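Reviewing the structure listed below.
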Amino acid sequence: MRTSNYLIATQKETPADAEVVSHQLMLRAGLIRKLAAGLYTWLPLGLRVLRKVERIVRQEMDRTGAQEVSMPVVQPAELWEESGRWEQYGPELLRIQDRHQRDFCLGPTHEEVITALVRDEIKSYKQLPVNLYQIQTKVRDEIRPRFGIMRSREFLMKDAYSFHVDQASLEETYQCMFDAYSAIFSRLDLEFRPVIADTGSIGGSGSHEFHVLAESGEDAIAFSDGSDYAANVEMAEALAPTEPRPAPGAQMQRVATPGVTSIDALAEFLSIEPRQSLKTLVVNGDEGGSLVALVLRGDHQLNNIKAEKLPGVAAPLQMADEGKVRSACGAGFGSLGPVGLAIPVYVDRAAAQLADFACGGNEDGWHLTGVNWDRDCPPGETADLREVVAGDPSPDGSGRLQIKRGIEVGHIFQLGTKYSAAMGAQVLDENGKNITVTMGCYGIGVSRIVAAAIEQNHDERGIAWPQAMAPFQLAIVPLNMQKSEAVAACAEELYGKLLDAGVDVLLDDRNERPGVKFADMELIGIPHRIVIGDRALAENNIEYKGRRDEDSQLVPRDDILDFLLSRLG
RNA sequence: CGGUGUGUAGCGCAGCCUGGUAGCGCACUUCCUUCGGGAGGAAGGGGUCGGAGGUUCAAAUCCUCUCACACCGACCA
């Protein structure tokens, strides 16, 4: 490709509304342009990157024996009503009507469509297992699109769905997908980790997320420093303290605390550490109007996922209305505590371990100090409620947890029969009896990978693509090409030979000054660059520089082709 | 959805407080010079100032409504 007739839409200035590096660089390097909130046009250069990622994903999926299909983006409401998700999915499901006022949605995912397909097409256990996938635009009307392509309302996703006669077959394919995902992210040269993930309302054991590690990641991941345990923090169990609870050492006292409604304020008021106090959160119960109290140590944070799985607690988790709390507990937020509380109480394991603690007095403006479980109030039911923190013991018993941030780029999931049962996807088994098929689903955020790769691979001059996803592998930068016949001839000759060798090469034949060309090629992130100029050419040399190299090196003109081909692999 | 903030040329911004017919840098077009790290000069093109309504002789500027976008929050006891 020649830059003279290629859309190089680079910008010197960073658009004001781009927050994270990948978003800024994607705009500056001319990979994408915003159309509306969370909606982006892919420019030629960006699309090349996207296609390269897509190609690797497709190759690895095909290698596992999965078969590619293509399903409609527009899906009829009836299918979603069958699965129950027309009601359940919420406003993220972008709903539309056709000219006959029939309801449709734009697919955020394709479980319904694929299950309907398999229900109609697959009748015998002999046809299973089967794994079908597509690489297609998904639509989710996100509450808050963010970070450019990272959380957008339209995005490119690889989604695969497997169908099985039993759990054992599902687990086999699941492992196969796990391995394929690892191969994909390795080929893309990304630093990633598979982590144990939440299975949501579906339950079951099998779900992993694949995270690319990056500071700007929206998810927190907990790792053990003593084993290969890794989990999304929302899933990481906070183990019960091993030491027994200390014996009570203080008397319970009622203390006036006017205006003190937060743990920090309480700790300061009483001159204690937050970890010596309790916070009491009230959430909606699963029966109309019921409330449940959740008690945590003052310095700990509630884990919503853990909380909403507790019996009696409404899912999704919802904080109770303050008015209802006041009438049920006698005080508003900020003055609540477990002593004398008339609603069901769950106590976090760490909170249950405290003695002589401070907590709200269930009376506005009053707290209690020197409180002890059993003696002063019933210990309620103990549960794991809190978010793990760095330094906690690893749930697998070896090592301590570290917390890092990650960008979720893949998710694999053992679905079981949630959709097949709801939609009646059955096959005949070897005894001629109908059985409901067991399903797995496997997603990769193809467009998100592009942003994640930039988060991991950039410097002050721009993007530094991993080789496998660079829009072009090599840039040829001829200097003063319009005047110097020697430079032009050499550049054209090399360009032709590299094209013949199958290299993705970009010839910068614009009539621009050298600085402009260098800056553009670096911003765009092309991994390899050669410069052809009269000066070096007079010595029969050509200059080479890798995108991450400090300095350039001279290579004899006769050797340059071999030199480059060996570098490019 | 709540809070905060921003909408003026493709991008980045000034002008608004104190109303008087719109400006700067980059980018773009033409010409000359320059040509190894985002060149210099000259001459140009491009904006109904997000939209609607109001006040006024006069509105980018003041008032009302509205739309869009961004960031923060939705973990608070």
Side-chain angles (χ1 to χ4, degrees), chain A residues 8-20 23-24 27-28 30 33-39 90-92 142-148 220 233-234 257 259-266 274 277-283 291 293-296 298-308 316-322 325-326 329 331-338 341 358-362 364-365 367 385-387 461-462 477-484 487 508 510-523 529-537 543 545 552 554:
Chain A
I8 303 286
T10 54
Q11 298 178 326
K12 269 195 231 180
E13 281 172 297
T14 303
D17 54 7
E19 192 71 4
V20 296
H23 188 197
Q24 293 172 349
L27 291 167
R28 281 193 57 211
R33 285 292 181 263
K34 183 169 82 173
L35 179 65
L39 299 172
E92 232 175 85
E142 292 282 349
I143 303 181
R144 186 176 155 203
R146 235 194 298 210
F147 304 154
V233 284
E234 60 190 23
T257 52
V260 173
T261 58
S262 72
I263 291 297
D264 285 346
L266 180 68
S277 68
L278 293 188
K279 64 169 131 185
T280 304
L281 314 181
V282 181
V283 299
L291 299 176
L294 307 174
V295 176
L296 292 153
D299 59 328
H300 283 152
Q301 296 294 321
L302 178 67
N303 178 315
N304 289 12
I305 303 284
K306 291 175 181 176
E308 69 188 26
L317 192 72
Q318 245 189 337
M319 289 300 166
D321 174 75
E322 183 155 17
V325 171
R326 198 173 288 279
C329 308
F333 301 154
S335 300
L336 299 175
L341 208 55
C359 63
N362 296 326
D364 285 331
H367 280 78
L385 298 178
R386 71 178 175 94
E387 203 104 285
R461 288 192 305 245
V477 181
L479 302 180
N480 202 20
M481 187 188 187
Q482 275 67 17
K483 292 270 176 63
S484 167
V487 167
D508 197 351
R510 294 175 296 176
N511 187 13
E512 287 288 353
R513 297 167 62 85
V516 174
K517 296 186 179 187
F518 295 153
D520 272 351
M521 293 305 117
E522 282 163 351
L523 175 59
R529 179 189 84 188
I530 57 173
V531 177
I532 300 172
D534 281 315
R535 216 164 62 191
L537 218 48
E543 186 181 312
K545 186 169 177 293
S552 57
L554 291 174

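Everything quoted here is computed from the prediction, not taken from an experiment. A note on names: the letters A, B, ... follow the listed sequences, proteins ahead of strands, and every chain is numbered from 1.
As a whole-Å value, the separation of A/N511 CG from B/C28 P is 12 Å. Here the P atom of nucleotide B/A70 and the CD atom of A/E142 are 13 Å apart, to the nearest Å. To the nearest angstrom, P of B/C69 lies 18 Å from CZ of A/R33. Between the NZ atom of A/K545 and the C1' atom of B/G36 there is a distance of 13 Å, rounded to whole Å. Computed from coordinates, the A/Q24 CD to B/C71 P distance equals 11 Å when rounded to whole Å. Atom-to-atom, CZ of A/F147 to C1' of B/C72 comes out at 11 Å; the value is rounded to the nearest Å. Taking atom CG of residue A/L281 and atom P of nucleotide B/A74, one finds them 13 Å apart after rounding to whole Å. For A/H23 and B/C69, the NE2 to C1' distance is 12 Å, given to the nearest whole Å.
Relative to the side chain of A/K34, the nucleotides B/C13, B/C69, B/C1 differ in distance, and B/C69 lies closest. Checked against B/G36, B/G12, B/A39, the side chain of A/E543 finds its nearest nucleotide in B/G36. Checking B/G12, B/G73, B/G38 against every side-chain atom of A/R28, the shortest atom distance belongs to B/G38. Comparing atom distances between the A/D17 side chain and each of B/C72, B/G38, B/C69 picks out B/C69 as nearest. Of the candidates B/C69, B/G36, B/G38, the closest approach to any side-chain atom of A/P514 belongs to B/G36. You'll find that the side chain of A/D520 is closest to B/G38, out of B/C72, B/U34, B/G38. Looking at the side chain of A/A536, the nearest of the listed nucleotides B/C13, B/G36, B/G38 is B/G36. The side chain of A/R144 lies closest to B/C71 when the candidates are B/C71, B/A70, B/A27. For A/L479, whose side chain is taken as the heavy atoms from C-beta onward, the closest listed nucleotide among B/C69, B/G36, B/C11 is B/G36. Counting only heavy atoms from C-beta on, A/K483 has its side chain closest to B/C35 among B/G25, B/A27, B/C35.
Counting distance only, with no hydrogens placed and no angle test, the side-chain atoms of A/Q11 and the base atoms of B/G12 include no donor-acceptor pair under 3.5 Å. With hydrogens and angles ignored, a donor-acceptor pair closer than 3.5 Å exists between the side chain of A/E522 and the base of B/G37. Under 3.5 Å, the side chain of A/N480 and the base of B/G36 form no donor-acceptor pair of N or O atoms.
Heavy atoms of A/A519 sit under 4.0 angstrom from at least one base atom. Counting any heavy atom pair closer than 4.0 Å across all strands shown, A/I143 reaches a base atom.
Both cation-pi conditions hold for A/R529 and A/F518: the charged atom is under 6.0 angstrom from the six-membered ring centre and inside a 45 degree cone around its axis.
B/G15 and B/C57 have their C1' atoms separated by 23 Å, with the value rounded to a whole Å. Rounded to a whole angstrom, the distance from the C1' atom of B/U30 to that of B/A68 is 38 Å. Taking the P atoms as reference points, B/C72 lies 36 Å from B/G53, given to the whole Å. A distance of about 15 Å separates the P atoms of B/C13 and B/A70, rounded to the whole Å. Between B/U4 and B/G12, the two P atoms lie 25 Å apart (nearest whole Å). Between the C1' atoms of B/G25 and B/G46, the separation comes to 16 Å (whole Å). To the nearest whole angstrom, the two C1' atoms, one in B/U64 and one in B/C71, are 27 Å apart. Here the separation of B/A42 from B/G37, taken at their P atoms, is 24 Å to the nearest Å.
Remark: side-chain polar atoms of A/T257 are paired, donor with acceptor, to backbone N or O of A/G365 under 3.5 angstrom. In this structure, A/H367 contributes its side chain and A/G334 its backbone to a donor-acceptor pair below 3.5 Å. At distances below 3.5 Å, not a single donor-acceptor pair connects side-chain atoms of A/K279 with backbone N or O atoms of A/I263. Judged by distance alone, the side chain of A/S277 and the main-chain N or O of A/P274 form a donor-acceptor pair under 3.5 Å.
Pair check for B/U29 finds B/A43; Watson-Crick or G-U wobble, both atom distances under 3.5 Å.
A distance of 7.5 Å separates CD in A/E19 from CD in A/Q24, rounded to the nearest 0.5 Å.
Summary of the strand contacts: A/S262 and A/G533 both lie near RNA chain B, and taking for each the nucleotide with the nearest heavy atom, the more 5' one is attributed to A/G533. Residue order along RNA chain B, read from the 5' end via each residue's closest nucleotide, puts A/A36 first among A/A320 and A/A36.
Within the 4.0 Å cut-off from OP1 or OP2 of B/G38, not a single side-chain nitrogen or oxygen of A/R513 is found.
Annotation for A/D508 and A/M521: closest pair OD2-CE, 3.5 Å, computed over non-hydrogen atoms.
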